[in-house]
Amino acid sequence: MNLFDKKSRLVVTCSNRLSPFLQKEVEELGYKPDRVFKTGLELRGSLSDCMVLNLHLRTASQVLFFISSFRALNADDIYRELSAIPWEDIIPSDDYFSVTSNVSNDTITNNLFVNVKVKDAIADRFRNKTGGRPDSGAGLNGVVIHLYWKEDKAELFIDTSGETLSKHGYRKIPGKAPMLESLAAATILATRWNRQSVFVNPMCGSGTLAIEAALLATGRKPGLFRSNYSFMHLCGYKEADYLSVYKKMESGIKDELPFRIIASDISEDAVNITKVNAGIAGVESLIQYECCDFENTDMTAAESGVVLFNPEYGDRLGEEIELVPTYKRMGDFLKKQCKGYWGYIFTGNLELAKRIGLRPSRRIEFFNGKIDCRLLEYELYSGSRE
């Protein structure tokens, strides 16, 4: 049976705390998750569905296609079970494969040992059945096999993504301490922005938030910026099916926007980096660039919209003290110059957040890497609250 037609369990992973936004994306594509957990969700689908998910999802990390589950007490059990799988029907003999794993078993002290065991099982199966074997290595640019092994339970997947989906492929110059693209997209999805009004990103850095906003508003999906996925290297893959999905995705793009997306930064280098990255993403002309202190960002374009800051957090005490005036100025800017807007500040420093001087209407939890962060929401009334 062609795996692209076979239904199986799909596991779509994401960074911790992004699953509510991933769920919304998956449902907007017409799928219904069977289970949602803090780092992903599960649903039923085929490899053809994996193709759609890989090209469209902004907040995902990997799309995994379930192959089998079995009991494994040690690495020899892993080898024996994998040797029985018809890999010659999954991986082309002239292609390339790699192995990743997530292992928690008392008999294993090094995941690389398990990866080698999996590779040996696949290679030996090929030799016994065909007399040859595909190449293998650490790169994720061919077929990727993923083993999840916890205690005595093992599950085997095809990682249909390969390289992570968290990076959207347009950011060639990352800048200082950049926000991962999937996190930036989720942060915007967490706001009240309707994609039809002004979006302002002061202190824009390398421009990830402004660019992701432009991509969302114009319907540009991450699959537009990537030409290689693991699913492309599997037996039964048809390029015509991929091109059909790609062209349909491409046909939904808007070329113009009736509102402004503004990216400002006091650093000329940051503004130039934003322009380069936006150009690669195809949205350079849709963003207004301003080289200025954030207090001088042009807020005269509309009476409503979203203003989103992602300031530095201050990793050390001295840096934190230096940032106190900046956080206070951000609060003053939102209060005085952004009336009628929704204001947001994404920060990993809750002590500095107290210096903003405004009461947030919501505190949305995120992680930036291992840093516990909050997206603080402020309703900035244009008149009196009443």
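On a predicted model such as this, the values are computed, not experimentally measured, just so you know. As a basis for the values below, the full set of heavy atoms in this structure was taken, side chains included, without hydrogen atoms, waters or symmetry mates. Numbering of residues begins at 1 and proceeds along the displayed sequence.
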How about [X] and [Y]: do any of their side-chain heavy atoms sit closer than 4.5 Å?
X: Ile90; Y: Ile85; answer: yes
X: Asp298; Y: Arg260; answer: yes
X: Ser46; Y: Asp5; answer: no
X: Gln62; Y: His146; answer: no
X: Phe333; Y: Asp293; answer: no

Legend entry - Any donor-acceptor pair under 3.5 Å from Ser8 side chain to Phe65 backbone: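 Not confirmed, Ser8 side chain does not pair with Phe65 backbone.
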Inset, instruction - Determine yes or no for a side-chain-to-main-chain donor-acceptor pair under 3.5 angstrom, with Tyr31 supplying the side chain and Gly45 the backbone. - result: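 Between the backbone of Gly45 and the side chain of Tyr31 there is no qualifying donor-acceptor contact (under 3.5 Å).
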Quick one: do [X] and [Y] make a salt bridge, cutoff under 4.0 Å?
X: Asp332; Y: Arg329; value: no
X: Asp89; Y: Lys129; value: no
X: Arg374; Y: Glu365; value: yes
X: Arg125; Y: Glu88; value: yes
X: Lys7; Y: Asp49; value: yes

Legend entry - From CA spacing to verdict: side chain to side chain contact (heavy atoms under 4.5 Å, CB included), Glu181, Thr208: CA-CA 7 Å; Glu181 291 97 310; Thr208 308; 4.1 Å; yes
Determine, using ring centers only, whether [Y] and [X] are less than 6.0 Å apart.
X: Phe126; Y: Phe97; answer: no
X: Phe157; Y: Phe66; answer: yes
X: Phe294; Y: Phe309; answer: yes

Quick one: do the [X] and [Y] side chains pair a donor with an acceptor below 3.5 Å?
X: Thr347; Y: Asn349; result: no
X: Glu239; Y: Tyr246; result: no
X: Asn277; Y: Ser206; result: no
X: Asn141; Y: His233; result: no

Joint hydrophobic cluster, [X] plus [Y], side-chain heavy atoms closer than 4.5 Å:
X: Ile108; Y: Tyr148; result: no
X: Leu165; Y: Phe367; result: no
X: Ile262; Y: Ile266; result: no
X: Ile78; Y: Leu112; result: no
X: Ile188; Y: Leu22; result: yes

When rounded to the nearest 0.5 angstrom, what distance separates [atom1] in [X] from [atom2] in [Y]?
X: Leu43; Y: Arg35; atom1: CG; atom2: CZ; answer: 11.5 Å
X: Met203; Y: Thr297; atom1: CE; atom2: OG1; answer: 10.0 Å
X: Met249; Y: Leu55; atom1: CE; atom2: CG; answer: 4.5 Å
X: Asp135; Y: Arg133; atom1: CG; atom2: CZ; answer: 7.0 Å

Legend entry - Arg127: partners by side chain to side chain donor-acceptor pair (under 3.5 Å), with sequence neighbours left out: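 Arg127 satisfies side chain to side chain donor-acceptor pair (under 3.5 Å) with Asp124 once adjacent residues are dropped.
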Inset, instruction - Give the C-alpha distance, both sets of side-chain angles, the deciding distance and a yes or no for side chain to side chain donor-acceptor pair (under 3.5 Å) between Glu81 and Ser68. - result: CA-CA 9 Å; Glu81 292 289 342; Ser68 68; over 6 Å; no
Legend entry - Leu380 versus Gly343, closest heavy-atom pair with distance: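 Heavy atoms of Leu380 and Gly343 come nearest at CD1-N, 3.7 Å.
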On the 0 to 90° scale, with breaks at 30° and 60°, tag the [X]-[Y] ring pair as parallel, tilted or perpendicular.
X: Tyr229; Y: Phe231; answer: parallel
X: Phe4; Y: Tyr237; answer: tilted
X: Phe346; Y: Tyr313; answer: tilted

Inset, instruction - Evaluate the side chain to side chain contact (heavy atoms under 4.5 Å, CB included) criterion for residues Leu189 and Leu216: first the C-alpha distance (whole Å), next the side-chain angles of each, then the deciding distance (0.1 Å), finally the verdict. - result: CA-CA 9 Å; Leu189 291 172; Leu216 276 162; 4.0 Å; yes
Inset, instruction - Run the numbers on Trp342 and Ser361 for side chain to side chain contact (heavy atoms under 4.5 Å, CB included), then give the verdict. - result: CA-CA 10 Å; Trp342 285 96; Ser361 54; 4.0 Å; yes
Inset, instruction - Please lay out, stage by stage, how Phe366 and Leu18 fare under the test side chain to side chain contact (heavy atoms under 4.5 Å, CB included). - result: CA-CA 7 Å; Phe366 286 97; Leu18 298 195; 3.7 Å; yes
Legend entry - From CA spacing to verdict: side chain to side chain donor-acceptor pair (under 3.5 Å), Glu320, Tyr327: CA-CA 10 Å; Glu320 183 175 320; Tyr327 274 67; over 6 Å; no
Legend entry - Lys167 atom NZ, over 12 foreign heavy atoms within 6.0 Å: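 Check fails, neighbour count at 12 or below.
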Legend entry - Test side-chain contact (heavy atoms from CB on, under 4.5 Å) applied to Glu163 - qualifying residues, sequence neighbours left out: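 Here the qualifying residues are Leu140, Arg226.
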Legend entry - Ser267 vs Asp265, side chain to side chain donor-acceptor pair (under 3.5 Å): CA-CA, chis, key distance, verdict: CA-CA 5 Å; Ser267 165; Asp265 201 288; 4.5 Å; no
